[in-house]
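Here is the structure we will look at.
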Amino acid sequence: MSQGVQADPASAAAAAAAVVVVGSCMTDMVSLTSRLPKAGETIHGHKFFIGFGGKGANQCIQAARLGAHTLMICKVGKDSFGSDYFENFKKNNVCTDFVGQTEEAATGAASIIVNSEGQNAIVIVAGANLLLDSKDLQRAFSAISGAKIMVCQLEINPAVSLEALKLAHTNQVKTIFNPAPALADLDPEFYTHTDVFCCNETEAEILTGVPVCSPKAAEKAASILLERGCNLVIVTLGAEGCVLLSAGGSTPKHIPAEKVKAVDTTGAGDSFVGALAFYMAHYPDLGMEEMIKRSNSIASVSVQTAGTQSSYPSRKDLPGHLFQDLS
Ligand code: RIB
C-alpha cells in the first residue's frame, strides 16, 4: 500500500467478503421498442422503466443473490439515484463499506433501447464512476486481500481497474476480468494479472481483430487472448453458449447454452460473470466446465424477463442441482 493512505478497519461484513467487485453503478433508463432506431430517426416505444444497472454492480448483485458474501467498491453521486443505489445494495446483502458518494459528479446513467428480439443498444454516461480512484482501493486493501475472488470491468477509469486486479493478483486473490466496454488498445498488463478473462463476441473482436460469428471463430480469438498472458479465456456467444480455453495446451471447448425465448438480453453477460464469481468463491472444486454450465443456466433465466438486475434470479428461485457439489 502507498504511504499516507489509511486503510479503514474492516467491518465484520467486509472481512467476510468472498467476492469483491471493483466497478460501476448506473441508473438504467430502459425503452422497449419493436426495433432499434436508425441514425436521425425518432420511433415510438411501448414501455419505459428505470432500474439498477452498471456492469460492476450487476455482477455483484447476481453473485449476492446466489448467496455469495459480496463487497462492492464503487462511487455514486450525492443525488437521489446514488442514495437509492445504497439502499439497493443493502437490500441485496452487499457490503457497502466502500461505496463512496461524491458531490463532484452525478451517479452514472445508461440509456438503453431493447427491441422485440431482446437485443439492445446502450449509451452510458459514467459520471461518478470515473471518480473512483487509487485511494479508494487502498482504503479497502484488507477486504481485497482477504477475498477469494476479485471482479473488474471497464466502466470506471481503466487504470483503477488495472490497479485493483494487480492488488488482488499479487495477494493471491483469483481475478476475473470482463473487458467491457472493450478498449482496442487495452494495456497488456490486464492479461497478465487476470486468471479468468471473460468477454463477449463483440469485445473479443475489438480486442483481437477476429470477427467472432461462430464458435470456431471464438476459439481463434480465445487463443489470441490466451497468448497475451491470462490463465483462462471465456468468449460468451449469447444463445450459442460460450467457448472456453485454458492455458497448458488444452483444446478449446464449446459449451452450448439452453434454448430459451429471450425477452431482454441486457445484462445477461453480467449475470454470467456474477454467477461464475459465486461458483469460483463457494464451489472451487466443481471444475471450470461445470461452473460455466451452471452460470449459463443462471444467465439464461435472466434473459427471460425485462431489465438487468430486476431479471436476476435468487438462489431460492433456482433448481437445487445448481447448488450441489459433485463430490
Ligand atoms: O451490461 C449491461 C449494463 O451495461 C447495463 O446495466 C448498463 O448500465 C450498462 O452498464
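No experiment lies behind these values; they were computed from the predicted model shown. Atoms within a ligand are numbered from 1 in the order they appear, just like the ligands themselves.
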Only counting residues at least two apart or in another chain, list the ones meeting ring-ring contact (aromatic ring centres under 6.0 Å, His included) with Tyr312. none

Qualifying residue, where the test is side chain to side chain contact (heavy atoms under 4.5 Å, CB included) with Val151 and the options are Met280, Met72, Gln59: Gln59

Can you pull every nitrogen or oxygen pair between ligand 1 and the protein closer than 3.5 angstrom?
{"residue": "ligand 1", "atom": "1 (O)", "partner": "Lys55", "partner atom": "NZ", "Å": "2.9"}
{"residue": "ligand 1", "atom": "1 (O)", "partner": "Asp270", "partner atom": "OD2", "Å": "2.7"}
{"residue": "ligand 1", "atom": "4 (O)", "partner": "Lys55", "partner atom": "NZ", "Å": "3.1"}
{"residue": "ligand 1", "atom": "6 (O)", "partner": "Asp28", "partner atom": "OD1", "Å": "3.4"}
{"residue": "ligand 1", "atom": "6 (O)", "partner": "Asp28", "partner atom": "OD2", "Å": "2.7"}
{"residue": "ligand 1", "atom": "6 (O)", "partner": "Gly54", "partner atom": "N", "Å": "3.1"}
{"residue": "ligand 1", "atom": "6 (O)", "partner": "Asn58", "partner atom": "ND2", "Å": "3.0"}
{"residue": "ligand 1", "atom": "8 (O)", "partner": "Asp28", "partner atom": "OD1", "Å": "2.5"}
{"residue": "ligand 1", "atom": "8 (O)", "partner": "Gly54", "partner atom": "N", "Å": "2.9"}
{"residue": "ligand 1", "atom": "10 (O)", "partner": "Glu155", "partner atom": "OE1", "Å": "3.1"}
{"residue": "ligand 1", "atom": "10 (O)", "partner": "Glu155", "partner atom": "OE2", "Å": "2.6"}

Answer yes or no: are there more than 12 heavy-atom neighbours, outside Glu41 itself, under 6.0 Å from its atom CD? yes

Do Phe89 and Tyr85 have their ring centres less than 6.0 Å from each other? yes

List the residues meeting side-chain hydrogen bond (donor to acceptor under 3.5 Å, both in side chains) with Thr175, not counting sequence neighbours, and say none if there are none. Asp195

Would you please name every residue forming a side-chain hydrogen bond (donor to acceptor under 3.5 Å, both in side chains) with Ser24, sequence neighbours left out? Glu155

